[in-house]
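A short worksheet on the structure shown next.
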Amino acid sequence: MTDYDRQPSTSVPPRLLIEKTHKGETATAQRLAMNRTGSFEWDMDAHSLDIDEAGLLAFGLDPLAFDSRPESLVERLEPSERTKVNVAIDEAIKGGRNSYSVHFRVPLDDGTDQWTHVQARILRSDDGRAHRVVGVVRDATAEVTHSAFVLDLEKRRQRQTSIVERTTSALSHAVTVDDVTAALTGPGGLDRLGADGLALGLVENATLNLIALSGDPLEAIDELGSTGLDRRYPLADTILSGRPQFLTSVPALIHRYPVLTPYAGRLEFRAAAYLPLVAQARSLGTLALFYRDNTTFNADERNLCLGLAAIVAQSLQRAKLFDEEREFATGLQSTMLPRRVQEIEGGEIAVRYHAAWSGRQVGGDWYDVIALPMNRFGIVVGDVQGHDTHAAAIMGQLRIALRAYAGEGHHPSTVLARASRFLAELDTERFATCTYAQVDLASGTVRVVRAGHFGPLIRHMDGRVSSPQVRGGLPLGISTDFENEEFPETRLDLVPGETLVLYTDGLVEEPGVDVDTGVQALINEVSAGPAGAQALADHLSDRLWERWGSGDDVALLVLRRSPDPGSPRAPRLHQYIHQADPEGLSDARTIVRQALTDWDMAEFADDAELVTGELLVNVLLHTEGGAILTLEVLPEPVRRVRLSVQDRSSVWPRRRSPGETATSGRGLLLLDAVAARWGIEPRGEGKAVWCEIGPSAPPASTPPLPPAEQKQEQV
C-alpha cells in the first residue's frame with residue numbers, strides 16, 4: 001500500500017474471503033469479523049489488494065465501492081498518517097524483514113477518527129524479492145484509547161512521585177525555619193510543589209504568623225498578616241479544625257468565609273488546598289497551596305497534598321527544634337563573652353563571634369579587649385578544645401583569668417605562662433590555643449605572643465597583606481604539663497592606616513581541604529575587603545564563615561590604627577617594610593614613585609626612589625627588624641619631599657670615604673648629593689634617618705637646625 005505501487009491495474013472484482021465456500025475458512029472469517037478484524041492479501045506483482053468486508057470496515061470503506069487498488073485505502077488517510085504507513089511498509093520491505101505492524105488513524109464519514117491496526121507478513125521469492133503480503137486489519141480504537149488513559153494515568157503518578165521526591169530532597173537540607181521557607185519559596189520551589197502559589201503560617205503564642213508567601217499576587221492574604229486564631233479565616237480555621245480543605249473556586253471560598261468578600265476581586269487563583277501542619281500530634285501551622293486552573297482534587301491529588309503537608313510539617317518541627325537549641329547555645333556563649341568592646345584612642349576595633357550551626361554544641365572560641373596602663377590595651381583571640389558546654393565553661397574561666405593577669409601589667413609572655421598554669425590546675429583534660437598582643441597605638445608598637453594558635457595578619461596601606469613570623473609556644477595547659485612555659489614575644493610595628501587581624505580556626509578550616517588553602521583565602525579577602533575595621537569584619541564574616549559550611553565557631557578581631565594622611569596641601573603616607581619580606585624593598589620604591597605622581601610632584605620621584613632604596617637597604621642589612629618608611633610633603637613656603645626611615649637600632653650611620661673598588665659606604669655621600677637637607681634623630685628604642693628633596697630654602701626663612709641636625713651638618 002505504498003505510493004510507489006500506484007500504477008494502473010487490471011479491473012479485478014472484489015473477492016471477499018467471507019464468501020469462500022470452505023467451511024473452516026468461512027467460520028474463521030466470521031469469528032474475525034465479530035471481533036472487528038478482517039484479513040487481506042496484497043499481490044504486489046499484480047498491484048491488487050484482496051480484502052474482506054470486515055477489513056474494509058476497519059478502513060471505514062463501503063465494500064461495494066472498493067476497486068481492489070491498494071492506493072484507494074491509503075488515499076483516505078491524512079498526509080501524516082499516510083506517511084507513517086508508507087514508511088513502516090518501506091522499511092520492512094527494503095530492510096529485508098518478513099513482517100511489519102503499524103497503528104494509524106482513519107477518518108470516518110461522521111467526522112470522527114478511528115484507530116486501525118495492520119499486522120502483516122511479507123512473502124518473498126527465492127531471490128529475496130517481496131511479491132505478496134498477507135495479514136489482518138482491525139479496529140484498535142478501544143485499545144489505543146485505553147492505552148492513552150493508562151499512559152496519562154502513569155504520567156500523572158510519575159509527576160506526583162517526582163513532586164514528593166524533589167520536595168523531600170530540597171527540605172532534607174533545610175536546617176532552620178528560614179531554610180525551610182527558602183526551599184519552599186526560592187527558585188524552583190513552587191515547581192517542586194506543583195502549585196502556582198503558596199502561603200505558610202506558623203502558630204506562635206496563640207497567634208498565626210504568616211512567614212512565607214510566593215507565586216501569584218497574594219496581596220490580599222499578605223494584608224491579613226499575623227492575626228489571632230480566628231475561625232473566620234481559612235488559615236486559622238484549618239489549624240483549629242485540624243482538617244484539610246479543598247476549594248475549587250473563589251466563590252466557594254467566599255461562601256465558606258464571607259469575611260474575605262472584600263478581597264474576592266483580588267484573588268487571582270481558582271482553586272486552593274488548605275492543609276494543617278501536624279507533627280507528633282502538635283499543630284504547627286497551615287500550608288496553603290493555590291492553583292490557577294480549576295481542579296476537582298481527585299483522591300490522588302488530595303493524597304498528594306496531604307503527603308506534602310506531612311513532609312513540610314516534619315521539616316518545620318526539626319527546624320524549630322534546631323532553632324531553639326541554637327538560640328540556647330548562642331545565648332550561653334554570648335554571656336561568657338564581653339558585652340561590649342571599649343573604644344580606643346587612635347584606632348578602631350571590631351569583633352565578631354559566630355556560633356557553629358550545630359544545635360547545642362557550644363564552642364570554646366573567645367575574644368577580649370583589655371585596658372592596660374599608660375594608654376595601652378591588650379587584645380586576645382583563643383579557642384578551647386571541644387564543642388560542648390564544658391568547653392564553654394572552661395573558656396569563660398580562662399578568659400577571666402587571662403584578663404586579670406594582663407590587667408596586673410605583666411609582660412605578654414608572663415600573661416600566657418600564668419594562664420597556662422591556671423588551665424592546668426582546673427583538673428581538666430582540655431587545652432586551649434590563643435594569640436595575645438599588647439598594643440600601643442601612639443607609637444604603633446604591638447608585642448605579640450601565641451600559644452599554638454594562628455599568628456596575626458597585617459594589611460598595609462596599599463592593600464597588601466603580610467603574615468609576619470611570630471614565634472610561638474605550646475598550647476595553654478599542655479605547656480605547663482610539659483614544663484615548657486616559654487612564650488617568646490615578637491614585636492610588630494603598626495603604622496598609621498594599617499590593620500591587624502586575629503582569628504580562630506573556624507574562619508579558615510574547610511572540611512577535606514588543607515588549612516593553608518583557607519588561610520590564603522582569608523589573606524585574599526582581607527586584601528580585597530574594605531578599609532574600615534567594622535566593614536572589614538563584616539566582609540570576612542560574610543565571605544568566609546558561611547563559605548566553609550559554618551561547622552565550627554568563629555572568633556574574629558580586627559584592629560585598625562587610624563590613618564595619617566596629612567592634609568590636602570601636605571599629604572603623608574606610612575609603610576612598614578618587614579626584614580623577611582623579599583619584595584618589601586621593591587614595593588616601597590614603587591609606592592614612593594606612585595605617591596609623588598599622585599601628588600603632582602613627579603619631578604622628585606627619581607631622587608626620592610633612589611634615596612628610599614639606599615636608606616632601606618642600610619636598615620635591612622645592618623639592623624635587626626624592619627623599618628617604617630614615612631613619605632610626606634612639607635607645606636609652603638618651600639614645597640619639598642621629606643623621607644624618613646625609622647628602625648630599632650641605636651647605632652648611627654657613619655660617613656666613610658670608600659675606595660674605587662669598595663662595594664659599600666657610599667650611602668651618606670649619595671644622600672649629601674641628592675638631598676637639600678638630611679639628618680638623624682633618636683626615636684625611643686631606635687632612630688630615624690630623614691632627608692628633604694627639593695629646592696633650597698631662602699636663607700632668611702631657614703630656621704635654626706636642632707642640635708642633632710647641626711651635629712650631622714658638621715660631619
Side-chain angles (χ1 to χ4, degrees), residues 345-348 440-445 459-464 493-499 531-532 560-577 584-585 587-616 619 626-647 670-684 686-710 712-713:
E345 184 179 350
E348 176 190 12
D440 181 0
L441 286 183
S443 64
T445 302
R459 168 174 162 158
H460 304 290
M461 285 290 292
D462 59 351
R464 291 184 306 111
D493 291 286
L494 205 62
V495 304
E498 289 189 334
T499 301
R560 187 189 188 208
R561 188 179 180 190
S562 298
D564 179 21
S567 66
R569 295 288 300 169
R572 181 185 300 116
L573 67 80
H574 304 270
Q575 184 72 23
Y576 183 79
I577 294 87
L585 180 59
D587 291 337
R589 296 175 61 164
T590 302
I591 290 169
V592 168
R593 174 172 290 276
Q594 184 61 50
L596 292 178
T597 301
D598 294 341
W599 297 342
D600 295 328
M601 302 188 72
E603 66 271 19
F604 303 127
D606 291 338
D607 290 344
E609 186 177 354
L610 179 62
V611 171
T612 298
E614 288 295 330
L615 295 181
L616 289 177
V619 171
I628 298 175
L629 169 68
T630 299
L631 174 68
E632 58 185 327
V633 177
L634 299 180
E636 304 292 353
V638 179
R639 220 167 142 73
R640 293 179 182 169
V641 175
R642 181 183 176 96
L643 274 165
S644 173
V645 175
Q646 179 181 344
D647 60 57
L670 181 63
L671 205 58
D672 262 339
V674 173
R677 300 173 64 215
W678 69 277
I680 305 173
E681 297 175 356
R683 293 283 180 89
K687 65 180 181 302
V689 180
W690 60 271
C691 69
E692 295 178 4
I693 300 173
S696 299
S701 62
T702 302
L705 293 177
E709 297 184 15
Q710 293 176 5
Q712 184 58 53
E713 288 286 343

* Asked: Less than 4.5 Å apart, any side-chain heavy atom of Thr612 and any of Leu631?
  -> no
* Before giving the answer on side chain to side chain contact (heavy atoms under 4.5 Å, CB included), spell out for Val611 and Leu670 the whole-Å C-alpha distance, their side-chain angles and the decisive distance to 0.1 Å. => CA-CA 8 Å; Val611 171; Leu670 181 63; 5.7 Å; no
* **Closest non-hydrogen atom pair, Ala608 against Ile693** => CA-CD1, 3.5 Å
* Supply the atom-to-atom distance Asp672 CG to Arg677 CZ, rounded to the nearest 0.5 angstrom. => 13.0 Å
* Check the pair Val495, Gln575 against side chain to side chain contact (heavy atoms under 4.5 Å, CB included), reporting the backbone distance first and the verdict last. => CA-CA 7 Å; Val495 304; Gln575 184 72 23; 5.8 Å; no
* Asked: Any idea which heavy atoms bring Phe604 and Gly694 closest together, and the distance?
  -> CE2-CA, 3.8 Å
* Looking at Leu441, Thr499, Leu494, which hits side-chain contact (heavy atoms from CB on, under 4.5 Å) with Arg560? -> Thr499
* To do: Sorted by first residue and then second, give each salt bridge (charged side-chain N to carboxylate O under 4.0 Å, His left out) pair with at least one member in residues 587-597; sequence neighbours left out.
  => Arg464-Asp587, Arg589-Glu609, Arg593-Asp606, Arg593-Glu609
* Structure fact -> The residue among Leu615, Ile628, Ile577 that forms side-chain contact (heavy atoms from CB on, under 4.5 Å) with Val645 is Leu615
* So which heavy atom on Ala676 is nearest to which on Arg640, and how close? -> CB-CZ, 4.1 Å
* Asked: How close do Glu498 and Asp493 get, heavy atom to heavy atom, and via which atoms?
  -> OE1-O, 3.6 Å
* Closest heavy-atom pair and its distance - Gly347, Ser562 -> N-OG, 3.2 Å
* Structure fact -> CD1 (Ile591) and CG (Asp598) are apart, to the nearest 0.5 Å, by 11.5 Å
* To do: With rounding to the nearest 0.5 Å, note down the distance linking CD in Glu632 to OG in Ser567.
  => 10.0 Å
* To do: Apply the test side chain to side chain contact (heavy atoms under 4.5 Å, CB included) to residues His574 and Met461: give CA-CA distance (whole Å), side-chain angles for both, the deciding distance (0.1 Å), then the verdict.
  => CA-CA 8 Å; His574 304 270; Met461 285 290 292; 5.6 Å; no
* Asked: What are the two closest heavy atoms between Gly626 and Val619, and how far apart are they?
  -> O-CG1, 4.0 Å
* To do: Look at the side chain of Arg642 and the backbone N and O of Thr630, then say whether any donor-acceptor pair between them is shorter than 3.5 Å.
  => no
* Measure the shortest side-chain to side-chain distance between Leu671 and Glu614 over non-hydrogen atoms and say whether it is less than 4.5 angstrom. => no
* Sidechain-backbone polar pair: Arg561 side chain, Gly346 backbone, donor-acceptor under 3.5 Å -> no
